[in-house]
Amino acid sequence: MSARYDPASAEPKWQSAWAEAEVFTATRDPSKPKYYVLEMFPYPSGRIHMGHVRNYTMGDVIARYKSASGFSVLHPMGWDAFGMPAENAAMATGGHPKDWTYANIDEMRGQMKPLGLSIDWSREFATCDPEYYGQQQALFLDFLEKGLVYRKNAVVNWDPVDMTVLANEQVIDGCGWRSGAPVERRELTQWFFKISDHSEELLSALDGLENWPEKVRTMQANWIGKSQGLQFSFPLTETTSGFDGIEVYTTRPDTLLGASFVGISPDHPLAKALEVDNPDIAAFCAECRQMGTSEADLEKAEKKGLDTGLKARHPLDPSWELPVWIANFILMDYGTGAVFACPAHDQRDLDFARKYGLPVIDTFFAQDDDTPVSNTAFVPPKTEKVTWVNHFAGLDVATGQEAIDATITYAETQGWGKGIENYRLRDWGLSRQRYWGCPIPVVYCDDCGVVPEKKENLPVSLPYDSGNESIDFSVPGNPLDRHPTWSDVPCPSCGKMAKRETDTMDTFVDSSWYYARFTAPRATTPTDGDEAAYWMNVDQYIGGIEHAILHLLYSRFFARAMNICGHLPDTAREPFDALFTQGMVTHEIYHTRDSNGRPVYHLPEDVSDGKLADGTAVEIIPSAKMSKSKKNVVDPLNIIDAFGADTARWFILSDSPPERDVEWTAAGAEAAYKHLQRVWRLADDVRQRSDEAAPAGGSEEDRALSRITARATVDVTAGIEGFAFNTSVAKLYAFTSAVAKSKASAAAKAEALRTMAQLMQPMTPHLAEEVWSMLGGVDLVAQAPWPKADPALLVEDSVVLPIQINGKRRSELKVAKDLPKDEVEAMALADPAVIRVLAGAIPKKVVVVPGRIVNVVV
RNA sequence: GCGGGCGUGGUGGAAUGGUAGACACAGGAGACUUAAAAUCUCCAGGCUUAACAGCCGUGCCGGUUCGAGUCCGGCCGCCCGUACCA
């Protein structure tokens, strides 16, 4: 019986060896360059899933590779531990969010450690640790002092039955998820970070983020949404509720002569004033407010409007009166909350105008077409010239941009409008009416007003943390509001009894600075100057594309704000030097049907050959993101139990490029396991032959294997450097086959396999240690330097050139690598296949790209 | 709705603008074995052909180029985000 590699015994053995040698403890070493690799930390849901395995394996490949390449590596792990699910679990099961969260963390840490990740666990923290959120409160107070935080009114989703604020996620088809009641929009006074003050900086600094994916930079730039436009007022024909005009902002002032009506948001102050006395307007606004706050819902909802009866004068012609409408698609958050509508040149305005019978006025036509607009708006191109019907600034034929610029200049000269820069980015509302979050450290005093808590009183602990009596999760709403004593505190300023803020912070705040905290996780200030200066920035950040905008933008803002307050050096205003966004892990979905024809889902482990254990055939839906509800999940622990962590790691890195989705298949996992066994068998075989004498000076076979090893080293390294781990894996497959086929001596094969162990170490660290130790490697392969290929072994002296005729491959030519172009051309034209295909035709030209291709053009 | 991305054999995918399908999975044939498992070898995009070879082929339509999976424009489909899910 042949021996086999046994991951179940080998993996814990090597994990202990790493722990004993403290290989992964990050230490400040001034003699080495540093490298900080960070994966987006997990929410402690209770179980790790394959997405986590993928994320942390990728980070681990980088961390181990950089460590072998001579860097002092920081690779920490923590927990994004505040948030709604803990409160929901408490409501559902009667436990406490804190107990639930920490139990989950223990569970997940226990599931992660068997993966053999090169993490410095001594730096671990959870954002719900009072030591962490207390420092976050200190940051908040510093931000407050620097004017980076303020209070204002903002709308939330309100469940009128449960009497509670709902997250967008908790609004299903416009109704509360528990009560089923239609939600309403309600205004509350809330805390905001002044991120909009930094719009320009957050935008322009994107240019410097060269190692971020282009798509993420584009998305952030569009989100910030800088625009150039005209702000001006439509005077009302008569002053109404104190309003004598309606201020609008437009990016297309060139279409002003196509104005057909003035539209205001249902949340516009004028609309609110009008609804007091007008039941129709009140009813319409109420209907508009019977809806969640999510932008996607608002924009996708049917467009509705109501004529207020008010009239506004066109700024270019006081005798031209436009109706004033309230329309549900106008957002109060953007611009001034009011627009002028130009149906001829904006599709949404056109649909609205057709629905309500409002006029459609063309102000220009495409140059080669003067057809009036019917049901498709002619959207003005900014760069192409168009023919104007009648442009007030005297334009006849001009591009949209020229017309916009001329219009703004004209308006400014005439004194009725002003060209301004506008940003779509809104300030970041951080108040949450929930228990399981970081308390906002302010007190409301009847005499002193809003008073910041004193830093020496931090952390402002949640009741459960501070030993206060328990709180009540049996009913919806914020338990901190209902707590009998927690909010009763002396005013930090005058000492009189006052009320503590009961809102907690958005969990995005927690994740906006954890990367900085990892550099000094036990410091008694948010960061430590020396540690931050050494370890920041994060050299490589890795996470899902779903965080492309909010988390990453908030983190960028926070790094700036922390810099302003002296918590981060100037060099760390952009916290992430390089970003990589990974794809999801997917799996086929299996289901049968119940008596009503509705799908009943089944776990992959319960399905084999398309059948359940009882023989029932399942329907198969193509691969989709793993989700508990569809049961298309594979528990990483089951894979580790069956095959070991290296198999899970190897498979998850194989096949799919890291930025794309990877489909988990049982067959693929088995194949990965087989390959690792094969590598081990090769090493075992060589070990048994280790006393064979090596030929003096090496045989030709030995030299060939050296060249193969050098080529593999270069290719695998390139794959890791280029975040193309799947190609590194493919090269390692080929390398393995080459070693297996090679007739080289045992000594030469041992040499090749030791290099293979080094190359595999970032991906399959346990097997790599096993092979390394079997073949006489010194110490741990985790501590061995990255292999270097001898350039002399990489030189190829001849090359195969494909010969194309008119771009179609017809033959090929093996030539010396540096053969002159004209000789290559002559050989190509003398090629029998070329002569046959040409059939006497005279080539017009011959393109020779040295070392690549020959193309004969006829 | 808006912003961004992706689309290549039966499947996952490879390919500095230069031989499309490397490397794998599933499949087929064979070796070894009493047998199975394990392992090893070979075949394999589609169509035509006895073979040589030829034609077609990277979601669809068009363009740039000696040459396009790759670049540009327009569509279709799917995915991510859309500010209180994390």
Side-chain angles (χ1 to χ4, degrees), chain A residues 1-2 4 40 42-43 45 80 82-85 154 156-157 165-171 190 213-216 218-223 225 292-301 303 329 333 347-348 424-434 506-508 510-511 544-551 553-554 581 583-584 623-625 654-657 659-663 665 667-668 670-672 674-675 677-678 681 724 726-727 729-734 737 740 800-812 833 836 844-847 849 851-858:
Chain A
M1 168 168 168
S2 66
R4 285 171 76 86
M40 292 179 184
Y43 178 78
S45 58
D80 187 14
F82 276 135
M84 281 199 313
V156 294
N157 303 307
V165 176
L166 297 176
N168 283 341
E169 191 188 51
Q170 297 171 316
V171 179
Q190 310 199 56
E214 189 65 42
K215 62 179 169 185
V216 175
T218 306
M219 280 189 266
Q220 291 221 348
N222 289 339
W223 185 261
T293 57
S294 110
E295 189 194 318
D297 287 347
L298 287 173
E299 292 274 355
K300 276 190 277 193
K303 308 290 175 281
F329 60 84
D333 289 320
Q347 190 61 45
R348 190 173 61 181
R424 206 184 74 98
L425 181 65
R426 310 200 294 256
D427 279 333
W428 169 13
L430 66 113
S431 299
R432 296 291 180 273
Q433 297 70 43
R434 281 192 260 284
D506 179 8
T507 56
F508 273 124
D510 312 338
S511 56
I545 187 67
E546 68 273 19
H547 294 295
I549 296 173
L550 293 180
H551 162 60
L553 188 62
Y554 291 156
T581 54
M584 298 178 301
S623 221
K625 181 178 183 172
S654 304
D655 292 352
S656 287
E659 68 276 14
R660 280 215 238 160
D661 294 350
V662 62
E663 183 183 22
T665 62
E670 270 178 55
K674 283 181 189 173
H675 177 74
Q677 288 291 351
R678 187 186 192 203
R681 274 197 313 278
N726 55 321
T727 64
V729 168
K731 298 295 182 186
L732 282 164
Y733 269 110
S737 294
V800 175
L801 292 181
I803 307 175
Q804 297 181 330
I805 296 175
N806 288 339
K808 263 185 186 304
R809 183 186 174 281
R810 296 296 179 176
S811 186
E812 65 183 30
R836 180 173 48 77
K844 282 196 203 116
K845 76 172 169 177
V846 180
V847 180
V849 183
R852 296 241 59 127
I853 205 163
V854 180
N855 191 11
V856 180
V857 186
V858 288

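Convention: sequence-line order gives letters A, B, ...; per-chain numbering from 1.
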Verify the contact: side-chain N or O of [X] to OP1 or OP2 of [N], cut-off strictly under 4.0 Å; return yes or no.
X	N	result
A/N168	B/A83	yes
A/R810	B/C55	yes
A/R660	B/G5	no
A/N222	B/G4	yes
A/K808	B/C56	yes
A/R432	B/C84	yes
A/R678	B/C40	yes
A/T507	B/A86	yes
A/S654	B/A24	no

Can you tell me how far apart NZ (A/K215) and CD1 (A/I545) are? Round to the nearest 0.5 Å. 4.0 Å
Is there side-chain contact between A/D655 and A/N726, with at least one heavy-atom pair below 4.5 Å? no
P atoms of B/U49 and B/C71, separation to the nearest Å: 38 Å
Syn-anti status, with the boundary at 90° from 0, for the nucleotide B/G9: syn
Round to the nearest Å and state the distance from A/E659 atom CD to B/G7 atom C1'. 14 Å
